[in-house]
Amino acid sequence: MRPVRTAFAGALLGTLVLAACGQTAPTAPSSTAPAASGSAAPASSAPASSAAAGFPVTVEAANGKVTLAKRPERIVSLSAAHTETLFAIGAGPQVVAVDDQSNFPQQAPRTDLSGFKPNVEAIAAQKPDLVIVSNDINKVVSELGKLNVPVLLEPAATKLDEAYDEIADLGAATGNRPKADELVTTMKSTLDQLAASAPKNRKLTYYHELDQTPYAATSSTFIGQIYAMFGLVNIADKAPGAAGGYPKLSKEFVAQADPDLIFLADVKCCGQNKDALAKRPGWKNLKAIRNGQVVPLDDDVASRWGPRVVDLAQTIGAAVSKAAGS
C-alpha cells in the first residue's frame, strides 16, 4: 500500500492482531529526527505551505487508490496504531478526533468514536477531510464514500515491511512524507541493531501470552516475527491449531513445554504477573517462574504495529540478554 503518484511531482516513493485486552497507541519521535525509541515526543508538523506542495496525491491503500486534492486538516483516526503514527510523523495538529482506544499520545483528541463499531453519522459530524481505519467493519469505507469523505483502509500489519509501508502511506496522505521516511529509517536501523546485539546461541524458548485462556501467538504473526529477530524459539509453533497464528493452548501444554521466557501481554487488562502464573496448576515450577524470567509487557504496545514496535523490541532484547546470561 504505497503512495503511487502526485499530480504534479511524478511518482512518490513510499515505502486481527488479536489483542486480548484492547490496544494502545505508540510514541512519537522528535521534530528534527525520529528517536531510536518509539517513545519520543511527538514530531511537529511541516508548514502548511511546504506540505501543500505535494498535492494532489494518490495513495494506494487496501481499499484501492485514494486521491486527496489537498493536504487534510481534519483527520479522524479510528485505529490506535495509526493515531500513534500520525503524531509520530508530525500530523498531530491535523487530527481532530480519534477513537476511544487511541490513548497514546496523551494529547490525541480522544472521543467516544469506535473503530470496532463505527458510526458513520458520528464520524461525519467531525467534518473530516480524511478518515483512517484499520478494518472495514459495517462497510464504513463505502458508507463514508457516499458522503464524499476520503478513507484510507490500512489493515493490521502482518509483517514489518507492511508496517513501514503504512507509515509511508500516512506520511504521503497527510503531507508529512519526509518525517515518515525518517521514522521508518530510524525504526529499521534500531531494530537491526537490537537484533544484531542479541545472544542467539542459546536458542531460548518462549511463550507469549495474549490472555489467561491462554491464547498465544505463533512465529507467523506480526509479534512472532519480532521475537524471531532475537533467535527465540516459540513453543506455540507446535501447538494444535497453530496454523491460524493464534492457538488456544492448554495449561498442560505450556507446563510440558516449560519455556525459558514468558512474556505477558495481559498485564494492564487482566492483572497477570509472575505470582499469578505460579498459582496456575502445574506452573509453579516452570523455569521462567523459578528463574525470574517472566516479562510483563505493555498490553497496548504489544498489540500494535506502529512506532512503538521499537519499544517492544527493546524490552524483548533486554529480557533475552538477561536470560542468556543467567
Side-chain angles (χ1 to χ4, degrees), residues 16-28 37-39 79-85 88 99 101-105 115-116 134 155-160 162-164 166-167 187 190-191 194-195 198 204-230 232-237 244-249 254 259-274 276-277 288 293-323:
L16 185 198
V17 171
L18 256 170
C21 310
Q23 300 180 335
T24 319
T27 13
S37 166
S39 296
S79 164
H82 296 322
T83 296
E84 164 189 339
T85 296
D99 71 301
Q101 297 300 307
S102 290
N103 55 3
F104 189 93
F116 297 108
S134 56
T158 61
K159 53 188 177 182
L160 274 169
E162 291 178 5
Y164 298 146
E166 293 191 354
I167 292 171
M187 288 176 67
T190 305
L191 290 174
L194 288 169
L204 298 169
T205 59
Y206 79 96
Y207 160 55
H208 175 89
E209 177 166 292
L210 290 168
D211 67 8
Q212 305 129 281
T213 308
Y215 276 100
T218 70
S219 297
S220 67
T221 63
F222 180 85
I223 196 167
Q225 292 168 52
I226 304 298
Y227 284 113
M229 294 169 55
F230 295 88
L232 295 176
V233 178
N234 192 341
I235 67 166
D237 290 346
Y246 299 97
K248 179 179 179 180
L249 308 183
V254 177
D260 297 299
L261 288 149
I262 295 176
F263 294 90
L264 299 177
D266 52 357
V267 177
K268 290 194 297 187
C269 75
C270 313
Q272 296 305 289
N273 53 38
K274 183 179 76 171
L277 296 190
Q293 307 296 353
V294 176
V295 184
L297 301 175
D298 183 306
D299 304 13
D300 300 321
V301 174
S303 67
R304 297 187 184 169
W305 59 98
R308 284 200 294 177
V309 166
V310 171
D311 292 358
L312 174 65
Q314 288 172 333
T315 299
I316 295 171
V320 171
S321 295
K322 177 186 173 185

Is any side-chain heavy atom of [X] closer than 4.5 Å to a side-chain heavy atom of [Y]?
X	Y	result
Thr83	Gln101	no
Glu166	Thr85	no
Ile316	Val320	yes
Gln293	Leu204	no
Leu277	Leu264	yes
Leu232	Phe263	yes
Val309	Phe222	yes

For [X] and [Y], which heavy atoms make the closest approach, and how far apart are they?
X	Y	answer
Val254	Pro259	O-CD, 3.6 Å
Val310	Leu194	O-CD1, 4.3 Å
Ala217	Ala236	O-CB, 3.9 Å
Ser220	Thr218	OG-OG1, 2.9 Å
Ala163	Ala157	N-CB, 3.6 Å
His208	Ala302	CE1-CB, 4.5 Å

Euclidean distance, [Y] [atom2] relative to [X] [atom1], rounded to 0.5 Å:
X	Y	atom1	atom2	value
Leu210	Ile223	CG	CD1	7.5 Å
Gln272	Asp266	CD	CG	5.0 Å
Thr205	Ile262	OG1	CD1	9.5 Å
Ile235	Ser219	CD1	OG	11.0 Å
Ile167	His82	CD1	NE2	9.5 Å
Leu249	Glu209	CG	CD	9.0 Å

### Task
Output all residues satisfying side-chain hydrogen bond (donor to acceptor under 3.5 Å, both in side chains) with Asn234, sequence neighbours left out; order by chain, then residue number.
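Expected list: Tyr206.
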### Query
Which residues pass the side-chain hydrogen bond (donor to acceptor under 3.5 Å, both in side chains) test with Gln212, sequence neighbours left out?
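In terms of side-chain hydrogen bond (donor to acceptor under 3.5 Å, both in side chains), with neighbours along the sequence ignored, Gln212 is linked to no residue.
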### Task
Decide yes or no on side chain to side chain donor-acceptor pair (under 3.5 Å) for Glu162 and Trp305, but give the supporting numbers first.
CA-CA 9 Å; Glu162 291 178 5; Trp305 59 98; over 6 Å; no
### Task
Using modelled atom types only, decide if a donor and an acceptor are shared between the side chain of Gln225 and the backbone of Thr158 within a distance under 3.5 Å.
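Flag set: sc Gln225 to bb Thr158 pair under 3.5 Å.
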